[in-house]
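Encoded as structure tokens, the structure appears first; notes follow it.
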Amino acid sequence: MVSLNLLQRGVVEIFPNNEQENLTNRINQSDRPLRIKLGIDPTRPDLHLGHTVALRKLRQFQDAGHIAVLIIGDFTAQIGDPTGKSEARPRLTPDEVAHNAQTYLEQAKKVLDFTSDRLELKYNSAWLGSLNLQDITTLLSSMTVGQMLAKEGFSERYGKGTPIYLHEFLYPLMQGYDSVAIASDIELGGTDQKFNILVGRDLQIKEQKQGQLGMLLPLLVGLDGTQKMSKSLDNYVGLTEDPLSMYSKLEKVPDNLINSYFELLTDVDISSLSSNPRENQKRLALTIVGQYHSSKIALQAQQDAEKIVLSGNTKDLGKIPEFAIASITFPVPLFYLLKVSGLCKSNSESLSQINNGAVRLEGEKIPNPEFSFNSVEELTGKILQVGKKKFLRLI
RNA sequence: GGGUCGAUGCCCGAGUGGUUAAUGGGGGCGGACUGUAAAUCCGCUGGCUACGCCUACGUUGGUUCAAAUCCAUCUCGGCCCA
């Protein structure tokens, strides 16, 4: 059985937290498993470690005997959560949403327990899609413009003169209505979700039900060390990434993030950490890659990463991404090869990387922008590399 | 609905008829250094199988030898009034 201690690991805030209402009471006074809500909007197809903070917490509740209610926000995704956004989000089509939802679930399986009966999967279009104008008016009348504008993000945008569209006001209410629809006892979310979760609690109470507790988790800071992890900022580690790139990213997380990564992304006892940051980075990378692949694969990734970076030796690597050069017509200029292989985004980028001395074949620097290859034999089996992080085996 | 201001490259932001992919900052990428990090220094940062060509300053059209810069139209937005 999971202890209350573990359930509180990494948690920033639980509200309310007073004599009458708090987590301990809620758990102890209930004669049934609690319903723990987590909503995810399938706005992008991939999950990253940032998403796993809440998912892992949800899993801990599952392991403690409670019921995870995972809400796929297929309806809300089409509105776009304005939280933390400096501008309105582009709206997604139903097809995109359906596709994203599918891949989300695949990935959520890596964290949540999908095999027990302690998981309920819900799509919020099931109830939100059938609200009529009257229902919506009732929802809207539960909040004032002042309350809405007090929400961070809105006030900021309003002050800065960036447009706020009316439908964005609907978002917190819809998320709140989800809580009513599934009768949640506790809702999990990032610290930026406080407002939305409170709306849910209010709506539940208005419906004469007990209001949910909110459990706020930190927003995982991304690899840049400052902004929250997100795909659009490209400071993320994706759940489906290959072991080597996962390892390479994690072994160099900024020093100031090491502890929080351990706390939020692993079960490692924080007091067992070394005083040497470099050691901790490696342990972190090893642990997390191990969680999502296997400890054996993680070790292999570690060895490969060390070979590449320390010795520049790209020989005898384990699995690294490959690129088939069969379809290329020779002679082929180096810059063109870099582009079609995906190592560089454009020919122009290729050229500047070559000029910068970033391009290597089998560890040999090629600084000549006009360099070209005459035959397949020159390339087959070799490793082409741009910078320290991007490399491909040519086959 | 009326008035007024505005729309520039990933972001912010100069530029107000004439070498030019377009000052500067941020971010990103790369190199050196290092702990594979941070800090620092240096370089790159529209696209194209490319010593040339193409596309770019919200849209469309116009004036001009010449426009991101002038005029008109439209679209979108901020603010004020109703």
Side-chain angles (χ1 to χ4, degrees), chain A residues 85-88 90-91 154-166 168 221-228 230-237 244-261 273-286 289 301-314 317 325 327-360 363-374 379 384-391:
Chain A
K85 292 290 156 184
S86 51
E87 55 192 73
R91 303 180 64 171
F154 282 151
S155 51
E156 233 180 86
R157 282 162 64 184
Y158 194 66
K160 275 169 72 179
T162 29
I164 300 171
Y165 293 87
L166 287 173
E168 297 184 68
V221 177
L223 299 174
D224 60 5
T226 48
Q227 297 189 266
K228 87 166 180 181
S230 86
K231 186 157 188 181
S232 49
L233 293 172
D234 197 25
N235 61 358
Y236 71 103
V237 181
L244 182 54
S245 79
M246 212 180 215
Y247 184 91
S248 324
K249 285 181 179 180
L250 287 168
E251 69 159 350
K252 61 182 175 65
V253 298
D255 289 2
N256 60 317
L257 300 186
I258 296 176
N259 272 39
S260 65
Y261 271 42
L273 295 184
S274 152
S275 58
N276 177 344
R278 186 78 197 111
E279 242 169 69
N280 288 331
Q281 285 177 319
K282 289 186 181 177
R283 182 172 172 195
L284 178 72
L286 210 52
V289 176
Q302 180 172 57
Q303 286 164 15
D304 287 350
E306 277 168 8
K307 268 186 211 152
I308 293 168
V309 180
L310 287 185
S311 56
N313 175 12
T314 50
L317 288 179
I325 48 177
S327 59
I328 291 179
T329 49
F330 286 83
V332 58
L334 175 58
F335 71 82
Y336 185 68
L337 180 64
L338 288 170
K339 187 189 80 162
V340 293
S341 66
L343 285 170
C344 291
K345 290 193 193 84
S346 68
N347 288 333
S348 312
E349 183 186 321
S350 304
L351 283 172
S352 55
Q353 294 294 34
I354 297 170
N355 283 325
N356 284 332
V359 177
R360 292 164 187 268
E364 287 289 313
K365 202 178 273 193
I366 306 180
N368 176 8
E370 284 162 38
F371 199 89
S372 65
F373 301 99
N374 294 315
L379 294 171
L384 187 62
Q385 180 180 0
V386 176
K388 288 171 188 161
K389 294 167 218 152
K390 293 189 285 189
F391 26 80

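Worth saying up front: this structure is predicted, and the values here are computed from it rather than measured. Every chain is numbered from 1, with letters handed out A, B, ... down the list of sequences.
Of the candidate nucleotides C79(B), G47(B), G78(B), C79(B) has the atom lying nearest to any side-chain atom of Tyr158(A). Closest to the Asp255(A) side chain, of the nucleotides C48(B), G35(B), A32(B), is G35(B). Picking from G77(B), G28(B), U49(B) the nucleotide with the shortest atom distance to the side chain of Tyr336(A) gives U49(B). Listed nucleotides: U49(B), G35(B), G28(B). Nearest to the side chain of Asp224(A): G28(B). Nearest to the side chain of Asn356(A), among A50(B), G43(B), A37(B), sits G43(B). Which of C29(B), G35(B), U49(B) sits closest to the side chain of Gln353(A) comes down to C29(B). Out of C33(B), C48(B), A50(B), the shortest distance to the side chain of Ser346(A) is found at C48(B).
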message = Set out, in order, the CA-CA distance, both residues' side-chain angles and the distance that settles side-chain contact (heavy atoms from CB on, under 4.5 Å) for Asn256(A) and Val221(A), then state yes or no.
response = CA-CA 10 Å; Asn256(A) 60 317; Val221(A) 177; over 6 Å; no
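Two residues, Ile328(A) and Gly357(A), neighbour RNA chain B, and the one matched to the more 5' nucleotide by heavy-atom proximity is Gly357(A). Positionally, the nearest nucleotide of RNA chain B for Lys282(A) lies more toward the 5' end than for the other of Thr329(A) and Lys282(A).
In this entry C10(B) has G26(B) as its Watson-Crick or G-U wobble partner, both defining distances falling under 3.5 Å.
U34(B) atom C1' lies 14 Å from atom CD of Glu251(A), rounded to whole Å. Whole-Å rounding puts the Tyr247(A) OH to A37(B) P distance at 14 Å. Note: CG (Asn374(A)) to P (U49(B)) measures 19 Å, nearest angstrom. The nearest whole Å value for the distance from the NZ atom in Lys249(A) to the P atom in A37(B) is 16 Å. As rounded to whole Å, 14 Å separates atom C1' of G52(B) from atom CG of Leu351(A). Distance CD (Glu370(A)) to P (G52(B)): 13 Å, rounded to an integer number of Å. Here the C1' atom of nucleotide C48(B) and the CG atom of Leu338(A) are 16 Å apart, to the nearest Å. Asn276(A) has its CG atom 14 Å from the C1' atom of U34(B), to the nearest Å.
At the phosphate of C29(B), neither OP1 nor OP2 sits under 4.0 Å from any side-chain N or O atom of Ser352(A). For G77(B), one of the phosphate oxygens OP1 or OP2 lies less than 4.0 angstrom from a side-chain nitrogen or oxygen of Tyr165(A). The phosphate of C48(B) (OP1 or OP2) has a side-chain N or O of Ser348(A) nearer than 4.0 angstrom. The shortest distance between the side-chain N/O atoms of Lys339(A) and the OP1/OP2 oxygens of C48(B) is below 4.0 Å. In terms of phosphate contacts, Lys160(A) brings no side-chain nitrogen or oxygen within less than 4.0 Å of OP1 or OP2 of G78(B).
Using a 4.0 Å heavy-atom cutoff across all strands shown, Glu349(A) reaches no nucleic acid atom at all.
Without hydrogens or angle criteria, Tyr236(A) side chain to Lys228(A) main chain gives no donor-acceptor distance under 3.5 Å. In this structure, the side chain of Thr162(A) engages the main chain of Arg157(A) through a donor-acceptor pair within 3.5 Å.
Of the C1' atoms belonging to U20(B) and C80(B), the separation is 41 Å, rounded to the nearest Å. When the C1' atom is compared between G58(B) and U8(B), the two are found 10 Å apart, to the nearest whole Å. Taking atom C1' on both C48(B) and U60(B), the two are 27 Å apart, rounded to the nearest angstrom. Here, G47(B) and C70(B) have their P atoms 29 Å apart, quoted to the whole Å. The P atoms of A56(B) and C65(B) are separated by 23 Å, rounded to the nearest whole Å.
Here OG of Ser275(A) is found 8.0 Å from CG of Asn280(A). Values are rounded to the nearest 0.5 Å.
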